[in-house]
Chemist: 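There's a structure below that I have some questions on.
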Amino acid sequence: MTSNTRVVVIGAGLAGVRLARRLGELGTPVTLVGEEEHRPYNRVLLAEVLAGRYTPDVIALPAPAALTRARVLGIDREARTVECADGSKIAYDRLVLATGSNPVLPPLRGLFTPDHVLPEGVHAFRTMDDCLGLSKAVRPGVKAVVIGGGLLGVSAARALAQRGAQVMLAQQSERLMERQLDPSASKLVRRHLVDLGVEVHTDLRVRDVRCVGGAVRSVEMADGYALDAEIVVLACGVHPRVGLAQTAGLQVRKGVVVDDELRTSDPYIHAIGDCAQHDGNVYGLATPALEQADVLAELLAGRANARYTGTRSLTRLTLPGQTAFDLAAFGETEALPGDDVVQLADATRGTYRKVVVRDDRLVGGVLVGELGTVGALARAWEGAEPLPSDGGPLLHLLTNDGGS
């Protein structure tokens, strides 16, 4: 690639901004296209804005100068242009899709008005506008129902409780954050929320959102039980935003399919972040998105030997405040037959540490409470090197709060 190569990045989230910034550092000009009116921001920290801990400015990202605010409607692969809602076209030599993901809106009765918009009081929780709208609606004593008990639902429920809302969390599966945590760690998360005043309902399927005069009034469960609600937060997960790629005829499965050079089925178009599917994986996490952006920056700047081979990502949730709560999980947190498991729990301090070892290799772990050892454990896991057979170093990694 030459210095005159026109790189256009669609999407001004973490992945897109990181790529644009890295390309700028490497001397490659780039145009970043974002459709939100707000400055680019760190979506991971929206719950802290909702909780009132941060202002939107605090979570803003350093945006490159070449930021164009526009909504892209289509891609003309033959002409190599992107078509914007205002009628303008942006030419590219290399195009990068960093379009992120959309919130999953569950198929509930009453969820949409006849005009196909969410009723008053019902909020998705994905964008800054979602967050600001929800912040405006929250007041002490307001009855809020959070639908979904994953990472996003737990963060939203805690933030609303910190704002003084009466929060009820409804989770369809039998425990919170089941994708990341084992049952013991899930119980500690539940206890933390209950201590904050959150009413947690698990193993409970939501059937209906009841509205009166276009505003939400209650959430009804499949068993007929109803929760009064003035606010409903939809935290049911996300799915890759692949509409542009599909319309352009690119290969899409769960996400936009990319190779080790993060190329799509069109060699002039790449994809990174939540919308990309590499080696069968759609990560939906910040760390892989940032790693993909760094690799692609190297490739687009002419460093031909750069490759993306996947990310072994760690999920971390830090809930600051008077009753701070930290957790981290990586790899396989549930043991298979024949695995070795080491667990340390302290009910008084509310801490829990567990690692799973298979064939003398650390394959996963979960820590709740004190995370001083997480760095050393994650390095042992990422390295995938055999552990010494006497087990001493593993216990050292679990118990040494220095993490070294």
Side-chain angles (χ1 to χ4, degrees), residues 5-26 28-49 54-75 81-86 88-103 124-133 152 238-245 247-248 255-256 258 262 264 269-276 282-297 300-301:
T5 300
R6 295 166 300 182
V7 178
V8 175
V9 181
I10 302 175
L14 275 174
V17 169
R18 174 70 158 249
L19 175 61
R21 186 168 61 82
R22 292 288 291 123
L23 284 172
E25 293 169 355
L26 295 168
T28 300
V30 59
T31 298
L32 181 65
V33 183
E35 67 180 24
E36 291 191 55
E37 295 179 4
H38 306 280
R39 288 172 59 189
Y41 56 89
N42 184 347
R43 200 180 307 278
V44 175
L45 296 174
L46 280 177
E48 297 305 315
V49 175
Y54 296 153
T55 62
D57 286 347
V58 172
I59 71 168
L61 298 171
L67 173 61
T68 298
R69 299 191 189 281
R71 186 163 65 91
V72 176
L73 296 182
I75 301 166
T81 59
V82 296
E83 301 158 9
C84 301
D86 62 4
S88 64
K89 295 186 178 183
I90 304 172
Y92 68 85
D93 296 306
R94 293 293 184 96
L95 178 66
V96 182
L97 302 177
T99 49
S101 54
N102 287 323
F125 189 42
R126 183 65 185 161
T127 67
M128 180 64 78
D129 281 339
D130 293 337
C131 182
L132 295 178
L152 185 62
V238 297
H239 54 79
R241 194 174 179 189
V242 296
L244 275 178
T247 304
V256 185
V258 297
L262 298 160
T264 68
I269 302 178
H270 302 258
I272 58 174
D274 286 8
C275 71
V282 178
Y283 291 100
L285 296 168
T287 300
L290 297 175
E291 288 187 7
Q292 290 168 4
D294 289 345
V295 169
L296 186 54
L300 294 179

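Worth knowing before you read on, the calculation uses all heavy atoms, side chains too, and leaves out hydrogens, waters and symmetry mates.
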Chemist: Quick check for you: to the nearest 0.5 Å, what is the distance between M128 atom CE and N42 atom CG?
Modeler: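 Between M128 CE and N42 CG, I get 9.5 Å after rounding to 0.5 Å.
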Chemist: Between V33 and A70, which heavy-atom pair has the shortest distance, and what is it?
Modeler: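 Heavy atoms of V33 and A70 come nearest at CG1-O, 3.7 Å.
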Chemist: CD of E37 to CG of D129: how many Å apart, nearest 0.5 Å?
Modeler: 7.0 Å
Chemist: Answer yes if the side chains of D86 and S88 hold a donor-acceptor pair under 3.5 Å, and no otherwise.
Modeler: yes
Chemist: With sequence neighbours left out, what residues match E83 under side-chain contact (heavy atoms from CB on, under 4.5 Å)?
Modeler: D76, K89
Chemist: Between V82 and L95, is any pair of side-chain heavy atoms under 4.5 Å apart?
Modeler: yes
Chemist: How long is the straight-line distance from NE2 of H270 back to OG1 of T264, given to the nearest 0.5 Å?
Modeler: 7.5 Å
Chemist: Would you give the length of the straight line joining atom CD1 of I269 to atom CZ of R94, rounded to the nearest 0.5 angstrom?
Modeler: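 Rounded to the nearest 0.5 Å, the CD1-CZ separation comes out at 10.5 Å.
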Chemist: Would you be so kind as to tabulate the donor-acceptor pairs closer than 3.5 Å made by side chains of residues 10-21, with sequence neighbours excluded?
Modeler:
| from | atom 1 | to | atom 2 | distance (Å) |
| --- | --- | --- | --- | --- |
| R18 | NE | D294 | OD1 | 2.8 |
| R18 | NH2 | D294 | OD2 | 2.9 |
| R21 | NH1 | E25 | OE2 | 3.0 |

Chemist: Can you tell if the side chain of C84 reaches within under 4.5 Å of the side chain of L73, non-hydrogen atoms only?
Modeler: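 No; the side chains remain at least 4.5 Å from each other.
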Chemist: So, for P56 and L132, which heavy atoms are closest and what is the spacing to 0.1 Å?
Modeler: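 Of all heavy-atom pairs spanning P56 and L132, the closest is CG-CD2, 4.0 Å.
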Chemist: Might you point out which heavy atoms bring A124 and D130 nearest each other, and give the distance in Å?
Modeler: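 Taking A124 first and D130 second, the nearest heavy atoms are O-CB, 3.3 Å.
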Chemist: Give the minimum heavy-atom separation between V256 and A245, together with the two atoms involved.
Modeler: CG2-CB, 3.6 Å
Chemist: Going by distance alone, is a donor N or O of one side chain under 3.5 Å from an acceptor N or O of the other, for R39 and Y41?
Modeler: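 No, Y41 and R39 have no side-chain donor paired with an acceptor closer than 3.5 Å.
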Chemist: Taking atom CZ of R69 as the centre, report whether more than 12 heavy atoms of other residues, nucleotides or ligands fall under 6.0 Å from it.
Modeler: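 Buried by this count: over 12 neighbours within 6.0 Å.
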Chemist: At what distance, to the nearest 0.5 angstrom, does CD1 of I75 lie from CD1 of I90?
Modeler: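 Separation between the atoms: 11.5 Å.
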Chemist: Start with the C-alpha distance between V8 and V30, add both sets of side-chain angles, then the distance that settles side-chain contact (heavy atoms from CB on, under 4.5 Å), and finish with yes or no.
Modeler: CA-CA 6 Å; V8 175; V30 59; over 6 Å; no
Chemist: What's the shortest heavy-atom distance between A289 and G273, and which atoms?
Modeler: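 Distance-wise, the nearest heavy atoms are CB-CA, 3.8 Å.
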Chemist: Find the distance between OG1 (T81) and CZ (R6) and round it off to the nearest 0.5 Å.
Modeler: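 T81 atom OG1 to R6 atom CZ measures 9.5 Å (nearest 0.5 Å).
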Chemist: With heavy-atom distances below 4.5 Å as the criterion, would you say the side chains of T28 and T5 are in contact?
Modeler: no
Chemist: Y92 vs V7, test: side-chain contact (heavy atoms from CB on, under 4.5 Å). Steps then yes/no.
Modeler: CA-CA 6 Å; Y92 68 85; V7 178; over 6 Å; no
Chemist: Assess whether side-chain contact (heavy atoms from CB on, under 4.5 Å) is satisfied between L296 and V96, documenting all intermediate values.
Modeler: CA-CA 9 Å; L296 186 54; V96 182; 3.7 Å; yes
Chemist: Once side-chain contact (heavy atoms from CB on, under 4.5 Å) is applied, do any residues pair with R241, and if so which ones, sequence neighbours excluded?
Modeler: E35, T99, N102
Chemist: Quick one: closest heavy-atom pair of C275 and L97, and the distance?
Modeler: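 Closest approach of C275 to L97: SG-O, 3.5 Å.
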Chemist: Just do the side-chain hydrogen bond (donor to acceptor under 3.5 Å, both in side chains) check on Y283 and Q292 with the steps written out, would you?
Modeler: CA-CA 11 Å; Y283 291 100; Q292 290 168 4; over 6 Å; no
Chemist: Under 3.5 Å, is there a donor-acceptor pair between the R126 and S101 side chains?
Modeler: yes
